[in-house]
Amino acid sequence: MSDLHLSEQELLRRNSLQELRKLGIEPYPAEEFKVNATAAEILEHFDPEKNNYQEVHLAGRIMSRRIMGNASFIHLMDHTDRIQVYFRRDDICPGDDKTLYNTVFKKLLDIGDIIGVSGYVFKTQVGETSLHVKEFKVLSKAIRPLPIVKEKDGVVYDAFSDPDQRYRQRYVDLIVNEGVMDTFRKRTQIINSMRQFFNSFGYLEVETPILQSIPGGAAARPFITHHNALDIPLYLRIANELYLKRLIVGGFEGVYEFAKDFRNEGMDRTHNPEFTVLEIYVAYKDYHWMMDFTERLVEKVALDLHGKTEVPFGDKLINYQRPFKRVPILEAIREHTGFDVSGMNEEELREVCKKLGLEVDASMGKGKLIDEIFGEKCEHHYVQPTFIIDYPVEMSPLSKRHRNNPELTERFELMVNGKELCNAYSELNDPIDQLERFEEQLKLSEKGDDEAMFIDRDFVRALEYGMPPTSGMGIGIDRLAMFMTNNSSIQEVLFFPQMRPEKKKQIDSTEKFQEKGIPAEWVPIIQKAGYLTLVSMQQANPNKLHQDLCGINKKEKLGLTNPSKDEVQHWCSKE
RNA sequence: GACUUAGUAGCUCAGCUGGUAGAGCACAUCCCUUUUAAGGAUGGGGUCCUGGGUUCGAGCCCCAGCUGAGUCACCA
C-alpha cells in the first residue's frame, strides 16, 4: 500500500512507530498496566504537607507537550481529568544512555499517544499539582493527529466544532471537547435514577420484542425488514405499549422498559430515526395517580442530577418542583385562541382552523384538527412543566374514555419548554371499545392518513381475557436528557446520531491498472493525481496526465524514471 | 421534500473589485532549559468539496452534484 495519500504528520508518526520498534519498544503492548490513582483524585486530595501520592501509577492520553531541553511538561488525560506531568532527562535516564528521554520521549511520542507513568506528586513553583515521572511506558501510539483544543480561564481556543465531524467521529469529540463526556454521564445517571425509582415500587423491568409483525402502539411510519426463515415482513417497533399491556393482562402489577423505538420519518434537531422511550404500566391505577407518580419521577431526576429542581435550558430556567399545573386541552385552546371547540363536529372544527389561519386537508379527522390547533396555537406557551389533560377521544385510540365525558379520554401529556415530554393514559381495557377504535383508525388510513394505527387482533384478544384498570406512561429519554443537560439538539445527547453514510470513493486495484501494462509503481501516483479508477484515467487528457505524473514524481522525490508521452498515451488508449 | 447558508493546511479561520493561496495552533530543525491556551528563531505542509461553464485568467462569478448546519414541511 502506498503512503502517498497520507499527510506529512501521519507519515512522521508512522515513522516514529517503526523507530520505537527498532529500539525494542512495543508501541501496542499486550500486558496490563496497573493504575493506582486517577487524575481527579490526585488533584483533589494531594496535600504537600501530608506528602501523599508518592508512588503513583497513572495512565492516559498525552494532550499537550512543552519541551524545554532536559525538562518537559505534558498534560495527561485519563477518564477523570487532566493532570500535568513533569519529565526530567536525568530522572528518566539515570545512566549515560539518554535515549529514552532524547529520542523516545522527545521525538517519538506525540500528542494523542497513550502512556503509563509512575512517579510522585508535587507542586510546581507556579503552584500546579503535577506528577514527577520516574518511569514511563508507551501503551498505545496514535498515528493520526488529534485536533488541538486549548483552554485558558474558561475560554476555549480552536475548538473542534464542526458538527459533521463531531458526530461522525464522536470518539474525537469525547477526547478533545470538554463537557461532552459529562453530558453522556448525565444521560446514564438520568436512566439510573429512574430505574431506581421504579424498582423502589417493586415494578419489574422487562424486555419485549423489537421485531414485530404488526407495528402497534403508536401512529408512525415503521422501518420494514424481512425474516428469511419465516419468509414474512417484520417491522422495527415504533412503540412497545401493546406488549407491556399484554404483560399486565398476564398478571404483573407494574412493568417498565427502556426501549429503543424506530420511526421512519424526518430527522431534525429533535428527531432521530432511533430513539429511547421509557414506558411504564401499573395495574389498578388511573391517570391521576400517574400524574402524581410522573411529577415525583421528574422532580427526583432533577434533584439527583443537579441537587435542585431548577434547571437552566437555553435562556430559560425550568423548575421541576411538583406539583405541576394541570390544564384540560380544550381549556388551553379556549385560553389561547378564544374558541370553545368542545362538542364541535368535524365541519365546525375545520371552520375554526380556517379562521385561525391553519392549513388543513381532507384526510384530517376531528382528532388531528384539534391536535393541529393545540400544536400551532397553544403548545409553545407551556414552558414550565404543565400537564395537558383530557384529550378528545379521536386523538387517543388506546386511552380510556373520560369518566365524566365520553367525548374525552383520561389522558395527559407533560409539556416542558413547549415540547411533549410524557404521554400517559388511563389505559383502555374495554376490548369491544378497543376494537372499534382500531377500526376507526383503519377508516382514517383508508382516507389517506398513512400514520393511522394498524389493528392488532392478538392485543384485542388479550384484552378479552381481562386487563385490570391500568395507567401507563411514556417518557422520551432523549428529550429528557436534552432538557436536563441544557442541549437544544438531540444529536448532543446521542453518542452516534444517524448521519448520511460517508461516501466511499470507488478505487481500482493495482492489478487492474497492471492489466493495461501500467507498471505497479506508477499506480499510486496515478491515484494520487486524482484518477482512482482505470476508466477515470482513460478519460483524462494524456498530456495533462503525463505532466501530472512527472510532477508528482519530482515533487515527492520518488526517483522513478518518468514514462514517455507515448507510453502514457498508450495507457490511456482503450484497446 | 422546499428555502437559506457553509465547505480553503491535521484543527480553528482570513482571503479585497476575478490577477502568484495566508494567519494562529499543530508538525519539523535549531536555540533556551520549571512552563501555564502561546519561551525564541527558522522551515515544511494545499485536489481552495466534486464536475462543468464564463473569462486572457476562477478560492472568488454562473450551473449541476456531494456533505453538513439553520428555517419550514412531515413527525398526534
Side-chain angles (χ1 to χ4, degrees), chain A residues 5-13 15-16 63-75 84 86-89 107 110-112 122-128 130 132 144-168 172 176 218-221 238 263-273 275 329 359 364-375 379 388 391-392 394-399 411 413 420 423 441 444 449-453 488-489 491 499-503 505 528-532 536 539 548 552 555:
Chain A
H5 64 286
L6 295 173
S7 70
E8 184 193 22
Q9 291 192 44
E10 287 174 292
L11 289 171
L12 279 161
R13 285 178 180 231
N15 189 46
S16 299
M63 295 305 289
S64 74
R65 199 164 56 137
R66 294 182 298 280
I67 293 175
M68 12 276 303
N70 58 26
S72 303
F73 290 89
I74 66 168
H75 270 110
Q84 179 167 272
Y86 175 55
F87 285 76
R88 203 166 65 191
R89 187 188 63 200
K107 294 208 194 310
D110 293 287
I111 290 176
F122 72 110
K123 267 199 199 295
T124 62
Q125 292 177 356
V126 206
E128 181 164 345
S130 306
H132 189 130
R144 191 182 276 269
L146 218 48
I148 305 294
V149 178
K150 294 190 173 171
E151 185 252 322
K152 160 91 168 170
D153 301 331
V155 183
V156 176
Y157 301 81
D158 296 342
F160 176 66
S161 56
D162 179 5
D164 186 31
Q165 291 200 69
R166 286 186 51 228
Y167 303 151
R168 283 188 202 278
V172 177
V176 303
R221 273 186 287 273
I238 56 175
R263 296 187 183 176
N264 204 343
E265 285 161 355
M267 295 161 55
D268 61 26
R269 219 170 62 256
T270 54
H271 297 84
N272 194 64
F275 59 101
I329 185 169
E359 281 189 32
M364 293 167 102
K366 255 174 94 172
K368 274 222 164 187
L369 290 168
I370 289 172
D371 189 52
E372 182 73 16
I373 298 171
F374 181 78
E379 204 171 55
I388 303 296
Y391 286 67
E394 295 82 1
M395 295 172 69
S396 317
L398 301 169
S399 179
R411 171 179 181 183
E413 290 194 354
E420 172 195 344
N423 185 18
Q441 289 289 308
L444 282 177
D449 184 344
D450 55 359
E451 276 152 4
M453 289 185 191
S488 59
S489 131
Q491 283 112 326
M499 304 286 279
R500 205 177 288 273
E502 283 181 85
K503 218 171 149 189
K505 280 193 186 141
K528 165 88 173 173
Y531 307 103
L532 297 178
S536 70
Q539 284 163 352
D548 285 350
I552 292 170
K555 192 171 162 203

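In what follows, every chain begins at residue 1, and chains take the letters A, B, ... in the order their sequences are listed.
The aromatic rings of A/Tyr391 and A/Phe374 stand perpendicular to each other, their planes meeting at an angle above 60°, with 30° marking the opposite boundary.
Across all strands shown, B/U55 forms no Watson-Crick or G-U wobble pair with both key distances under 3.5 Å. Both distances falling under 3.5 Å, in either a Watson-Crick or a G-U wobble arrangement, place B/C27 opposite B/G43. Judged by Watson-Crick or G-U wobble contacts below 3.5 Å, the nucleotide B/G1 has B/C72 as its partner. The partner of B/G18, taking Watson-Crick or G-U wobble pairs whose two distances both stay under 3.5 Å, does not exist in any strand shown.
Distances from the side chain of A/Asp164 to the nucleotides B/U67, B/U71, B/U35 place B/U67 closest. Of the candidates B/U33, B/U36, B/A69, the closest approach to any side-chain atom of A/Asn70 belongs to B/U33. The side chain of A/Phe73 approaches B/U35 more closely than any other nucleotide in the set B/C27, B/U35, B/A69. With B/A38, B/C74, B/A76 as the choices, the nucleotide that has an atom nearest any side-chain atom of A/Arg66 turns out to be B/A38. Ranking B/A26, B/A69, B/A76 by closeness to the A/Pro163 side chain, first place goes to B/A69.
The shortest heavy-atom contact between A/Pro273 and A/Met267 is CD-CG, 3.6 Å. Shown here for A/Phe275 and A/Asn272, the closest heavy-atom pair between the two residues is CD2-O, 3.7 Å. Minimum interatomic distance between A/Gln84 and A/Arg66 (heavy atoms only, all atoms of both residues): OE1-NH2, 3.0 Å. For the pair A/Pro392 and A/Ile370, the tightest heavy-atom approach, listed with the atom from each and the gap, is CG-CD1, 3.4 Å. Residues A/Gln441 and A/Pro397 come closest through the heavy atom pair NE2-CG, 3.6 Å. When all heavy atoms are compared, the tightest approach of A/Thr124 to A/Ser130 is CG2-OG, 3.4 Å.
Of the C1' atoms belonging to B/C30 and B/G44, the separation is 15 Å, rounded to the nearest Å. Distance noted for atom P between B/C13 and B/U54: 35 Å (whole Å). Across the C1' atoms, B/A76 and B/U8 are found 46 Å apart, a figure rounded to whole Å. For the C1' atoms, the distance from B/G18 to B/G57 is 8 Å, rounded to whole Å. When the P atom is used for both B/U55 and B/U71, the distance is 41 Å, rounded to whole Å. Spacing of P atoms, B/C60 relative to B/C3, comes out at 23 Å, to the nearest Å. For B/A21 and B/A9, the P atoms lie 15 Å apart once the distance is rounded to whole Å. Distance check on atom C1': B/G10 versus B/G45 gives 10 Å, rounded to whole Å.
In this structure, A/Ile74 atom CD1 and B/U36 atom P are separated by 17 Å, rounded to whole Å. Taking atom CG of A/Leu11 as the reference point, atom P of B/G44 lies 18 Å away to the nearest angstrom. Atom CD1 of A/Ile388 and atom P of B/A76 are 17 Å apart (whole Å). For the pair A/His271 NE2 and B/A73 P, the computed distance is 12 Å after rounding to whole Å. In this structure, CD of A/Gln84 is placed 13 Å from P of B/U34, rounded to the nearest angstrom. Atom CG of A/Asp371 is separated from atom P of B/C74 by 11 Å (rounded to the nearest Å). Distance, A/Ile370 CD1 to B/A76 P: 16 Å, rounded to whole Å. Separating the CZ atom of A/Arg166 from the P atom of B/A69 is a distance of 11 Å, rounded to the nearest angstrom.
Taking side-chain N and O atoms only, A/Arg221 has no distance below 4.0 Å to OP1 or OP2 of B/C74. Contact annotation: A/Arg263 does not reach the phosphate of B/C74 (side-chain N/O to OP1 or OP2, under 4.0 Å). Put simply, A/Arg88 has no side-chain N or O that comes within less than 4.0 Å of OP1 or OP2 on B/U34.
Heavy atoms of A/Pro397 sit under 4.0 angstrom from at least one base atom. Heavy atoms of A/Glu379 sit nowhere under 4.0 angstrom from any nucleic acid atom.
A residue-by-residue look at A/Arg13 and A/Arg269 shows that A/Arg13 has its nearest nucleotide of RNA chain B further toward the 5' end.
The base of B/U34 lies close enough to the side chain of A/Tyr86 for a donor and an acceptor atom to sit less than 3.5 Å apart. Contact annotation: side chain of A/Gln125 to base of B/U34, donor-acceptor pair absent below 3.5 Å. Taking only distance into account, the side chain of A/Thr124 meets the base of B/U36 through a donor-acceptor pair shorter than 3.5 Å.
A salt bridge does not link A/Asp162 to A/Arg166: none of the charged nitrogens lies less than 4.0 Å from a carboxylate oxygen.
At least one side-chain heavy atom of A/Val172 sits under 4.5 Å from a side-chain heavy atom of A/Phe160. Counting heavy atoms from C-beta on, the side chains of A/Arg411 and A/Asn423 come closer than 4.5 Å.
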**Message:** So if I define the base as every atom that isn't primed, P, OP1 or OP2, how would nucleotides 5-13 of chain B read as a B/S/- string at a heavy-atom cutoff under 4.0 Å?
**Reply:** -----BSS-
